[in-house]
Engineer: 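Let me give you the structure first, and then I'll get to my questions.
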Amino acid sequence: VSALEKRRWILNDFDIGKALGRGKFGHVYLAREKKSNHIVALKVLFKSQLQQSQVEHQLRREVEIQSHLRHPNILRLYGYFYDQKRVYLILEYAPKGELYKELQKCKYFSERRAATYVASLARALIYCHGKHVIHRDIKPENLLIGAQGELKIADFGWSVHTFNRRRTMCGTLDYLPPEMVESVEHDASVDIWSLGILCYEFLYGVPPFEAKEHSDTYRRIIQVDLKFPPKPIVSSAAKDLISQMLVKDSSQRLPLHKLLEHAWIVQNAEPSG
Ligand SMILES: COc1ccc(C(=O)Nc2ccccc2)cc1NC(=O)CCSCc1cnc2[nH]ccc2c1
């Protein structure tokens, strides 16, 4: 990886492989850095598109933030370069692909797998909050799986990725906490809410406030209309943890470090490798 820390890159430093996905701003390719043979994901963004959407500043800010984040559960942004028409992001490649595909395949995860994922995401979020970075947008579409099966918050930037997203494009509303749906200011506790939503979806296969109409999801979020279906069977410890995270008053949500001490996590999560 040290080779990837060099400052100036050009496209010719890489062999380009298969397409991994495509987004509004461009495509992502598997690539190999020629000197180190290091495999990466090369995200190609079109300057024209970035200018049109006035997101250059957002991209610059994000590249700045990401270049300081080093955590086993956060996808690395090694660097970037540009040419006449495009900006290239040199990203970590997650060999086991997209988590939401895995969730669709298994329908829902075991309590051990769910708790292991939730604990690793809690540690990544504690790390981010320590660096005053919040709202890492942790819905399943933004999570990738590393070589050892570990989760990586991939934070698709503008999360406009059409990484053949889930059937409901509007799924994005599911993860917003009341204060964001009511668009009042938000703080790090939004991530605790989103992690609670994710934990529920890992165990039941659907997010807790899902509804046919946007307006119904909206109402269910505001009212925290939290119900646990009889199937699949889920331990009361898991339900207790979720109930302590999906709390309307953001100051009353279980803090992330307390989550790591919760009985369900302690009894079910694999120790972090
Ligand atoms: C740290 O990460 C990122 C940082 C920044 C941006 C971004 O685009 N920012 C932006 C763009 C325009 C305007 C403003 C901001 C995106 C990512 N991350 C991804 O895009 C993840 C999927 S690409 C990688 C990757 C790896 N490993 C895989 N394995 C299977 C598929 C796959 C796909």
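We count ligands from 1, going down the list as the structure has it; atoms in each ligand are counted the same way.
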Engineer: Report yes or no: does H262 contribute a side-chain atom to a donor-acceptor pair with the main-chain N or O of K258 at less than 3.5 Å?
Structural biologist: no
Engineer: Return a yes/no value for K43: is any of its N or O atoms, backbone included, closer than 3.5 angstrom to an N or O of ligand 1?
Structural biologist: yes
Engineer: Check each of G97, A19, A94, S53 against atom 27 (N) of ligand 1 and report the one with the nearest heavy atom.
Structural biologist: A94
Engineer: Against heavy atoms of A41, which atoms of ligand 1 measure under 4.0 Å?
Structural biologist: 24 (C), 25 (C), 26 (C)
Engineer: Determine, considering heavy atoms only, which of I153, V28, L59, L143 sits nearest to atom 10 (C) of ligand 1.
Structural biologist: L59
Engineer: Do any nitrogen or oxygen atoms of Q58 come within less than 3.5 Å of a nitrogen or oxygen of ligand 1?
Structural biologist: no
Engineer: With a cutoff of 4.0 Å, is E92 in contact with ligand 1, counting heavy atoms of the residue only?
Structural biologist: yes
Engineer: Looking at K139, is its backbone amide N or carbonyl O close enough to the side chain of N142 to form a donor-acceptor pair, meaning the two atoms are under 3.5 Å apart?
Structural biologist: no
Engineer: Would the Y175 and W193 ring centres measure less than 6.0 Å apart?
Structural biologist: no
Engineer: For D225, which residues count as a salt bridge (charged side-chain N to carboxylate O under 4.0 Å, His left out) partner, sequence neighbours excluded?
Structural biologist: R220, K227
Engineer: Check L89 against ligand 1 and report side chain, backbone, both or neither, counting heavy atoms closer than 4.0 Å.
Structural biologist: side chain
Engineer: Taking 4.0 Å as the limit for heavy-atom contacts, which would you say applies to V63 with ligand 1: side chain only, backbone only, both, or neither?
Structural biologist: neither
Engineer: Ring centroid separation for Y108 and Y204, is it under 6.0 angstrom?
Structural biologist: no
Engineer: Show the atoms of ligand 1 that are less than 4.0 angstrom away from any heavy atom in Q66.
Structural biologist: 1 (C), 4 (C)
Engineer: Check this for me: K34, atom NZ, are more than 12 non-hydrogen atoms of other residues, nucleotides or ligands nearer than 6.0 Å?
Structural biologist: yes
Engineer: How about Y80 and Y88: are their ring centroids closer than 6.0 Å?
Structural biologist: no
Engineer: With sequence neighbours left out, write down each residue that passes side-chain contact (heavy atoms from CB on, under 4.5 Å) with Q252, or none if nothing qualifies.
Structural biologist: V247, D249
Engineer: How does L91 reach ligand 1, if at all, at less than 4.0 Å between non-hydrogen atoms: by side chain, backbone, both, or neither?
Structural biologist: side chain
Engineer: Against ligand 1, does E98 come closer than 4.0 Å with any heavy atom?
Structural biologist: no
